[in-house]
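Heads up, the thing below is written out as structure tokens.
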2 protein chains.
Amino acid sequence: MKDSFWQEHLCYLGFRLTVPRKIVINILKETEKHLSAEDIYVKALKINPSIGLTSIYRTLLLFTKINVVQKHDFGEKKARYELINNPLKKEHHHHLICTRCKTVIDYADFMKEEVELMTKTENKLSKKYHFKIIYHTVHFYGLCVKCQKLA
Amino acid sequence: MKDSFWQEHLCYLGFRLTVPRKIVINILKETEKHLSAEDIYVKALKINPSIGLTSIYRTLLLFTKINVVQKHDFGEKKARYELINNPLKKEHHHHLICTRCKTVIDYADFMKEEVELMTKTENKLSKKYHFKIIYHTVHFYGLCVKCQKLA
DNA sequence: TTTCATATTGATAATGATTTTCATTATCAA
DNA sequence: TTGATAATGAAAATCATTATCAATATGAAA
Ligand SMILES: [Mn+2]
Ligand SMILES: [Mn+2]
Ligand SMILES: [Zn+2]
Ligand SMILES: [Zn+2]
């Protein structure tokens, strides 16, 4: 029983609909956070205690390849992941990262101007440096409200 | 004998002027590249074969803390470093990264508009999310000329 | 349904970058 | 020149992520 868009998508691409894959999708579907592999693993264990951390990594690798999740590198030594097309989120967004508690805030408010400038810059850069630009990242690092008080 | 601005700076802050520290400064001073700890270690060995990789890491950590070098995370599993205030470079610049050969290009050409927008966005974001923004990163990922042909 | 080829799994070991530990050494103020 | 101690280098420890490999679950075909 495929009960989500993403499960449909997996099948369509010829991948098997396995327990770990369903679990990972469900976990990511229900959060606005940017979870690490370990975070996901801990949540997954509560649903099915026989799941292996290795499978979480493999699943995340697969999902990243087929553009179902986005892998982020926010300057920690571990990666974080979020579902692409999560109905809880705006499609295209940039990030605000607290360097103390590692909280990540998505923002899409001021994206119009940003994206315009990004596109313009991309064009100029690719011309000048003969670079084929695939994607870009914009990260604002700082302290969230809570951490400002604590720090 | 302190023969550079950076050596002066180290002394000023009360740190000892040691062999590994001088070597790391000299290596970084003379390159436009973004070197990994290992890269620096290999170069350092040619200057003084008794230097340890551990000291390279320790030195880079110290330099990062006192704002002498900038540590970068370009999505590889290892970090890369560049000297702040390197006379070979424009002070403030953003980055263009080849995902295939890992080459990094500094660009400062179109920074005026970018920085303007960044500042504006920063203000709006810090108000809306009560976030204290310390710094930001803008990375364009893609393929350099060479890698476009090879890929 | 049952069967079956094989895609996928989970336990374990391996990796690779970075850190920690700790005994030894080098720096620099007195 | 001396001495307190900051800093070093070798080796072991960490920690996230990958590779291995025998066992298992999936889903198309019978
Ligand atoms: Mn996000
Ligand atoms: Mn740079
Ligand atoms: Zn915080
Ligand atoms: Zn390249």
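Numbered from 1 within each chain, the chains take letters A, B, ... in sequence-line order. Side chains are part of it too, since the values below use all heavy atoms of this structure and drop only hydrogens, waters and symmetry mates.
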Next on the checklist: Categorize R21(A) for me: base, sugar-phosphate, or nothing, with a 4.0 angstrom heavy-atom threshold over every strand shown.
Outcome noted: sugar-phosphate

Item to check | Interatomic distance where CG belongs to L61(B) and P belongs to dT8(D) [whole Å] | outcome: 12 Å

Checklist entry - With nearest nucleotides of DNA chain C determined for V19(B) and A37(B) from heavy-atom distances, which residue corresponds to the more 5′ nucleotide? => result A37(B)

Checklist entry - Between K102(A) (NZ) and dA16(D) (P), how many Å, whole number? => result 13 Å

Checklist entry - What residue among F140(A), F74(A), Y141(A) forms ring-ring contact (aromatic ring centres under 6.0 Å, His included) with H95(A)? => result F74(A)

Checklist entry - Atom CZ of R58(B) and atom C1' of dT21(C): how far apart are they, to the nearest Å? => result 10 Å

Checklist outcome for this item: The reported gap from CG in L125(B) to NE2 in H130(B) (rounded to nearest 0.5 angstrom) is 12.0 Å

Next on the checklist: Rounded to whole Å, please give me the gap between NZ in K22(A) and P in dA25(D).
Outcome noted: 13 Å

Checklist entry - Between T64(B) and Q70(B), is there a donor-acceptor pair closer than 3.5 Å when you use the side chain of the first and the backbone of the second? => result no

Checklist outcome for this item: Axis-to-axis angle across the helix from dT1(C)-dA30(D) to dA30(C)-dT1(D), five pairs each end, nearest 10 degrees, ~ 30°

Next on the checklist: Tell me which residues in residues 45-57 of chain B lie within less than 4.0 Å of DNA chain D, going by non-hydrogen atoms.
Outcome noted: S50(B), I51(B), G52(B), T54(B), S55(B)

Item to check | Interatomic distance where CZ belongs to R80(B) and C1' belongs to dT18(C) [whole Å] | outcome: 15 Å

Next on the checklist: Using salt bridge (Lys or Arg N to Asp or Glu O under 4.0 Å), reason through K43(B) and E30(B) one step at a time and then give a plain yes or no.
Outcome noted: CA-CA 11 Å; K43(B) 287 177 187 290; E30(B) 287 162 12; over 6 Å; no

Item to check | Between dT26(D) (P) and Q7(A) (CD): distance, integer Å | outcome: 12 Å

Item to check | Test side chain to side chain contact (heavy atoms under 4.5 Å, CB included) applied to Y107(A) and K128(B), step by step | outcome: CA-CA 10 Å; Y107(A) 75 88; K128(B) 170 150 187 182; over 6 Å; no

Item to check | Pairwise side-chain contact, C144(B) with Y129(A), heavy-atom cut-off 4.5 Å (strictly under) | outcome: no

Next on the checklist: So does T31(A) get a backbone contact from the side chain of N86(A), meaning a donor-acceptor N/O pair under 3.5 Å?
Outcome noted: yes

Item to check | Shortest side-chain distance from K71(B), nucleotide among dC15(D), dT19(C), dT8(D) | outcome: dT19(C)

Item to check | Separation of atom NZ in K77(B) from atom C1' in dA14(C), rounded to whole Å | outcome: 11 Å

Checklist entry - Do the ring planes of H9(B) and Y12(B) sit parallel (below 30°), tilted (30 to 60°) or perpendicular (above 60°)? => result parallel

Checklist entry - CZ of F15(B) versus C1' of dT27(C): gap in Å, rounded? => result 14 Å

Item to check | dA26(C) OP1/OP2 closer than 4.0 Å to side-chain N/O of R16(B) | outcome: no

Checklist entry - Where is the tightest heavy-atom contact between C147(A) and L143(A), given as atom of each residue plus distance? => result CB-CD2, 4.1 Å

